[in-house]
Amino acid sequence: MSKKLFLLDAMALIYRAYYALIRSPRITSKGKNTNAQFGFTNTLYDLINKEKPTHLAVCFDTHAPTERHTDFSEYKANRQEAPEDLLESIPDIQRIIKGFNIPCVELDGYEADDVIGTLAWQAADAGYEVYMVTPDKDYGQLLIHPNVFIYKPPYMGNKEEILDAQKVCDKWGISRVQQVVDILGLMGDAVDNIPGIAGVGEKTAAKLLKEYDTLENVLANAASIKGSLGEKIRNGIEAATISKKLATIITDVPVQFHEEDFKLKEWNRPELEESFTELEFKSLGKRILGDSFNAFQTAPQGVQTDLFGNVVDTLQNTVKKAPAAAAEDDSEVTGLSADKNIHNTPHQYELVETDEQIIGLVKQLLSEPEICFDTETNNLDANDCELVGMSFSCKPGVAYYIPCPASQDRTKAILQLLSPLFNKTDVLWIGQNVKYDMLVLKWYNVELKGNIYDTMLAHYVVEPEGRRSMDLLSAQYLQYEPVHIEELIGKKGKSQGNMRDVPVEKVKEYAAEDADITLQLKHALHPQLKLKAVDDVFSKVENPLVKVLTDMEFEGVRVDINFLQEYSRELEKDAAACESRVYEQAGVKFNLASPKQLGEVLFEKLQLDPKAKKTKTGQYATGEDVLMKLSNNNPIVEDILTFRELTKLKSTYVDALPQMINRKTGRVHTSYAQAVAVTGRLSSNNPNLQNIPIRTDRGREIRKAFVPRDAEHLLISADYSQIELRIVAAISGDPNMCEAFKLGKDIHTATAAKVYGIAEEEVTKEQRYKAKSVNFGIIYGQGAFGLADNLGISRTEAKTIIDNYKKEFSGINKYMDDMINFAKEHGYVQTLMGRKRWLKDINSANFTVRGFAERNAINSPIQGTAADMIKMAMIRIHEAMKKENLRSRMILQVHDELVFDVHQSELDTLKPLILENMKIALPLPNEVPVEAELGSGINWLEAH
DNA sequence: ATATTCACG
DNA sequence: ACGTACGTGAATATG
């Protein structure tokens with residue numbers, strides 16, 4: 001019998017199993033998520049059963065950095081932290097593997113693919129047929145030995161797949177598997193953050209290798225490669241060299257394949273029984289262990305520990321011992337080696353607890369012009385948490401921490417003692433994401449009267465595209481690694497701890513350090529504001545907006561649950577009807593919500609389109625645009641699209657919104673992200689209230705659920721009219737467009753008249769519609785192809801329209817060129833308020849990459865100026881409402897719209913106040929007027 | 001975690 | 001030959 005060795009890439013399989021099951025999670029009676037354990041065990045067992053390996057080993061990655069990480073800091077730097085449930089599953093899985101009497105192999109400094117590659121070749125040399133079980137395409141490079149294969153386990157509805165060298169070569173379009181690393185070196189790999197050559201993708205890489213055979217030879221001949229491709233390659237020599245090295249799997253890892261170790265042996269049944277019982281694998285347990293297995297029996301006690309390690313020992317240190325028991329001890333937070341963190345810089349952090357101490361601190365801080373502060377809470381949701389403590393710092397290295405005990409009376413008393421500080425007007429409050437802290441304090445009826453300096457926002461205007469967690473900023477600007485919050489309360493997830501339960505001494509170190517670091521960050525970032533000339537947008541727009549957003553988030557909006565519940569039932573019914581009609585027409589039942597299954601039904605079973613579009617993963621595309629183009633209005637298409645619409649509305653809005661209602665206020669409190677959108681816009685999340693439906697009848701209904709706080713109130717909605725087009729007209733100074741706005745014309749009709757060379761009265765609906773599409777397309781830098789696609793017209797017609805447009809509105813054409821040229825020269829574009837966006841790819845040799853940057857150069861100043869304008873308006877309106885002591889509140893912002901919850905007695909005061917401030921917030925050049933419209937009603941739909 | 005789809009301005 | 005309109009957030013499937 002031939003010897004078949006299977007080597008499993010454990011982490012890759014665990015990830016897949018975990019996420020494949022996440023929608024119907026397996027939770028034990030103790031509340032433990034066992035997705036990964038279940039999925040992995042299932043895969044392992046099926047593999048053993050079906051493929052009948054004679055030998056098997058499971059390979060893990062370790063936390064230790066590898067040479068790839070030390071050589072190239074960006075390697076896998078884009079990876080998110082694994083979820084806690086997943087990390088906690090690893091000891092269980094290793095224990096199950098031991099139960100099957102299968103060795104786990106891992107080695108510090110090497111990744112699983114290195115270990116697997118090395119073992120695979122050794123075993124193949126020894127006459128084995130070797131299957132590397134992994135979804136990872138990089139393994140293709142290892143198929144040099146004719147007896148080594150890749151075994152892709154079933155996933156996404158695909159069957160398992162065995163890849164040999166030929167299949168891998170066909171897949172990539174190469175002639176030898178050795179070229180897999182050359183391909184990866186040229187094209188990079190987004191998953192692992194391997195750069196490759198900018199602008200070289202899979203196709204180009206394959207073409208180059210066809211001609212030059214190896215990456216080295218491509219680079220050696222770079223000088224003779226013509227055109228932009230040659231330039232790209234010449235610019236990417238270093239990146240390609242690094243990338244190839246990163247993608248190359250190491251095959252001389254110090255591990256030794258021993259036949260005996262990897263041989264499948266008798267299972268350790270008691271051990272498996274115990275694991276399966278603990279994890280509550282009922283049917284799976286029976287399937288594996290037979291009917292005698294009963295998941296509810298008491299776990300057998302006293303399993304002999306020497307059964308765990310006997311395979312392992314012959315592999316010396318390369319094999320990890322299974323944990324003696326499932327990780328019950330949670331004294332240390334997993335996943336982080338505490339000794340690696342460097343937070344031992346000399347500092348003086350003091351605990352301030354008694355009334356006397358607090359009064360002393362207040363007295364001291366009252367003389368400070370700038371105070372850095374931070375709050376600690378027992379929950380991330382600022383609208384649903386208690387204050388656990390506050391830290392203050394005015395001098396680098398010195399900080400104070402005031403703990404707030406569970407007694408809310410005492411917490412209020414502490415805040416009372418601090419009130420002279422909070423009420424002080426001539427003080428600058430420095431913090432990182434101050435909105436959060438202000439919101440927490442607002443629930444205690446505390447408002448900061450001084451000015452705000454938010455370091456997160458400073459970084460936002462200095463580097464709009466960067467990421468800006470405290471940890472990253474500290475590393476980037478202070479070269480200092482602070483205490484991670486995970487060290488105190490664990491990672492995000494259901495078992496995340498609570499700051500309240502952490503010993504005060506530990507919280508003090510963490511909290512005081514945060515205030516200390518934030519103060520130092522302010523000093524590091526501040527010069528950058530002037531240097532990059534973004535201090536205006538920072539001090540006039542972003543910082544003053546913090547208080548406005550705090551108040552808006554605090555207010556929230558009332559949502560009519562009854563209405564939504566009723567509407568949910570209606571949508572449910574209609575969606576179900578659509579669904580059954582689809583199954584009837586298709587002649588099969590399947591999961592209509594699965595694009596993959598739908599694609600197969602439409603394009604294979606029903607043969608609706610012989611040349612159906614595929615997505616990049618090789619599935620059929622089933623997006624709305626694709627379906628709409630399907631053969632002559634097939635009724636099944638209509639039902640599918642309606643089903644999609646109804647289920648989208650139901651799951652994203654109608655059913656989700658009631659669950660977001662705050663238990664204290666009975667209202668929905670969105671959170672505005674002020675430092676996310678690169679153009680300067682806000683974004684909204686938890687829930688997103690900036691994408692509530694309006695375009696379809698059934699979607700629009702949802703707006704009826706947004707209602708005033710009570711019968712004495714109404715909602716007001718005020719929105720800018722054509723603001724982005726006005727901004728284009730104004731900053732381009734195009735005479736025709738400016739004139740149209742000055743005369744108060746309908747801009748799309750006026751555009752159509754110019755483009756078609758006719759009088760405005762003669763413009764048809766069709767022509768106006770097309771002109772409108774051009775107007776919007778221009779804002780985004782759309783070309784003839786896009787316009788044609790959008791309007792369903794020929795590319796020639798689209799080109800004619802665009803050419804006419806550019807001729808009639810030559811100023812706008814010039815604006816677009818000017819923006820691109822400005823960006824090419826200066827490396828950035830900017831808004832009217834001086835908000836900047838840097839475009840590093842603007843001079844890229846790659847057409848696609850550069851084109852993207854060019855469209856950004858056109859769009860960002862427009863979108864960003866509109867964002868500046870409404871932000872300024874919000875600041876003004878908020879200030880005016882406060883000054884007038886109104887009881888009405890601004891509650892929502894939707895990019896060009898503001899929504900207010902208005903007491904009816906204040907309607908007449910408020911309407912002009914809102915409109916006037918919106919209009920004058922940011923005057924446009926070339927006398928282009930800014931217009932805003934306003935409506936009111938008993939719900940958002942009616943107010944619109 | 002990744003891919004696809006779709007809601008808004 | 002390639003890709004083709006900017007900016008977001010959220011839900012779904014996936015074994």
Side-chain angles (χ1 to χ4, degrees), chain A residues 12-13 15-24 35 38-40 42-43 46 79-80 82-83 86 135 153-158 190-191 199 201 203-204 207 229 591 593-599 615-617 619-627 641 644-645 647-653 655-656 670 673 676-696 699 702 719-720 723-724 773 776-790 795 846-849 851-852 855-860 862-864 866-867 870 893-897:
Chain A
L13 298 170
Y15 261 95
R16 275 163 58 122
Y18 178 79
Y19 285 108
L21 295 167
I22 203 158
R23 281 286 140 199
S24 49
N35 281 5
F38 179 84
F40 183 88
N42 208 13
T43 306
D46 283 347
R79 289 287 168 94
Q80 286 274 302
L86 191 150
Y155 185 64
M156 294 281 280
N158 295 315
V191 178
K203 297 282 149 63
T204 312
K207 200 182 74 187
L229 179 59
N591 182 0
S594 160
K596 181 182 158 58
Q597 294 182 31
L598 175 64
T615 67
K616 62 178 165 183
T617 52
Q619 312 292 336
Y620 296 105
T622 67
E624 189 179 347
D625 51 333
V626 177
L627 295 191
L641 291 175
R644 285 242 176 102
E645 183 193 356
T647 50
K648 172 86 175 179
L649 294 177
K650 184 170 183 290
S651 66
T652 309
Y653 305 103
D655 290 346
T670 185
V676 168
V678 284
T679 53
R681 276 187 173 183
L682 297 176
S683 79
S684 152
N685 58 40
N686 294 309
N688 183 351
L689 295 186
Q690 290 182 321
N691 72 346
I692 302 301
I694 195 166
R695 291 173 188 172
T696 67
I702 294 169
D719 66 326
Y720 281 113
I723 191 58
E724 294 198 343
S773 189
F776 284 118
I778 289 295
I779 294 173
Y780 305 135
Q782 186 183 43
F785 183 97
L787 182 67
D789 190 57
N790 190 6
R795 222 176 304 175
N846 182 271
F847 175 85
T848 313
V849 174
F852 193 69
R855 292 193 295 275
N856 283 150
I858 295 167
N859 176 260
S860 294
I862 305 169
Q863 195 180 108
I870 197 165
Q893 190 253 40
V894 193
H895 310 306
D896 66 351
E897 175 191 7

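Since the structure is predicted, the reported quantities are computational estimates derived from the model, not experimental observations. Computation of the quantities below employed the complete heavy-atom set of this structure, encompassing side-chain atoms and omitting hydrogens, waters and symmetry-equivalent molecules. Order of the sequence lines fixes the chain letters, A, B, ..., with proteins taken first and strands second; residue numbering starts at 1 for each chain.
- When distances are taken from the side chain of A/Gln782 to each of C/dA5, C/dG3, C/dC6, the shortest belongs to C/dA5.
- With contacts defined as side-chain heavy-atom distances shorter than 4.5 Å, the pair A/Gln893/A/Gln690 qualifies.
- Going from the C1' atom of B/dC8 to that of C/dA5 covers 16 Å, rounded to whole Å.
- Looking at A/Asn859 and A/Gln863, their side chains come closer than 4.5 Å, going by heavy atoms from C-beta outward.
- Atom CG of A/Asn856 and atom C1' of C/dC6 are 7 Å apart (whole Å).
- For A/Ala677, the side-chain contact (heavy atoms from CB on, under 4.5 Å) partners two or more places apart in sequence, or in a different chain, are A/Thr679, A/Arg681.
- A/Asp789 comes within contact range of no nucleotide atom at all, as no heavy-atom separation falls under 4.0 Å.
- In this structure A/Pro153 satisfies the side-chain contact (heavy atoms from CB on, under 4.5 Å) test together with A/Leu13, A/Arg16, A/Thr43, A/Val133, sequence neighbours excluded.
- Among the heavy atoms of the strands, none lies under 4.0 Å from A/Tyr720.
- Taking atom P on both B/dA3 and C/dG3, the two are 16 Å apart, rounded to the nearest angstrom.
- Taking atom CZ of A/Phe38 as the reference point, atom P of C/dT14 lies 16 Å away to the nearest angstrom.
- For A/Tyr15 (side chain) and A/Leu86 (main-chain N/O), no donor-acceptor pair under 3.5 Å exists by modelled atom type.
- The distance between atom CG of A/Leu598 and atom C1' of B/dA3, rounded to the nearest whole Å, is 15 Å.
- Between A/Ser594 and the phosphate of C/dT14, there is a side-chain N or O to OP1/OP2 separation shorter than 4.0 Å.
- Among the atoms of the strands shown, only primed sugar atoms or phosphate atoms (P, OP1, OP2) are found under 4.0 Å from some heavy atom of A/Ala677.
- When rounded to the nearest whole Å, the span between NZ of A/Lys650 and C1' of C/dA10 equals 16 Å.
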For this session: Kindly determine whether A/Leu598 and A/Tyr620 satisfy side chain to side chain contact (heavy atoms under 4.5 Å, CB included), including the steps that lead there.
Result: CA-CA 9 Å; A/Leu598 175 64; A/Tyr620 296 105; over 6 Å; no
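- Across all strands, A/Ser684 comes closer than 4.0 Å only to sugar-phosphate atoms, never to a base (heavy-atom distances).
- Here the C1' atom of nucleotide C/dA5 and the CZ atom of A/Phe785 are 12 Å apart, to the nearest Å.
- At whole-Å resolution of the value, CG in A/Leu787 and P in C/dT4 are 16 Å apart.
- Pairing each heavy atom of A/Pro693 with each of A/Ile702, the nearest pair is CG-CD1, 4.0 Å.
- In this model, the phosphate group of C/dG9 is not approached by any side-chain N or O of A/Asn686 to a distance below 4.0 Å at OP1 or OP2.
- Taking 4.5 Å as the limit, some side-chain heavy atom of A/Glu624 sits within range of a side-chain heavy atom of A/Leu641.
- Remark: A/Phe776 engages A/Gln722, A/His748, A/Lys772, A/Ile779 in a side-chain contact (heavy atoms from CB on, under 4.5 Å) (not counting sequence neighbours).
- Here the side chain of A/Asn685 is nearest to one of C/dA10, C/dC6, C/dT8, namely C/dA10.
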Seminar exercise, completed: Parsed dot-bracket for DNA chain C after applying the Watson-Crick and G-U rules with both distances under 3.5 Å and | for other-strand partners is .....|||||||||.
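- Within 4.0 Å (heavy atoms only), A/Asp46 reaches no atom of the nucleic acid at all.
- The side-chain contact (heavy atoms from CB on, under 4.5 Å) check on A/Asn42 picks up A/Phe38, A/Asp46, A/Leu284, A/Arg287, with sequence neighbours excluded.
- Distance, A/Tyr18 OH to C/dA13 C1': 16 Å, rounded to whole Å.
- The backbone N or O of A/Asn685 sits less than 3.5 Å from a side-chain atom of A/Thr670, completing a donor-acceptor pair.
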Seminar exercise, completed: Contact string for nucleotides 4-9 of chain B, one letter per nucleotide 5' to 3', B = base within protein heavy-atom range under 4.0 Å, S = sugar-phosphate only, - = neither, reads SSBBBB
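- The C1' atoms of C/dC2 and B/dC6 are separated by 27 Å, rounded to the nearest whole Å.
- OP1 or OP2 of C/dG9 has at least one side-chain nitrogen or oxygen of A/Ser683 nearer than 4.0 Å.
- Taking atom CZ on A/Phe776 and atom P on C/dG7, their separation rounds to 17 Å, with Å as the unit.
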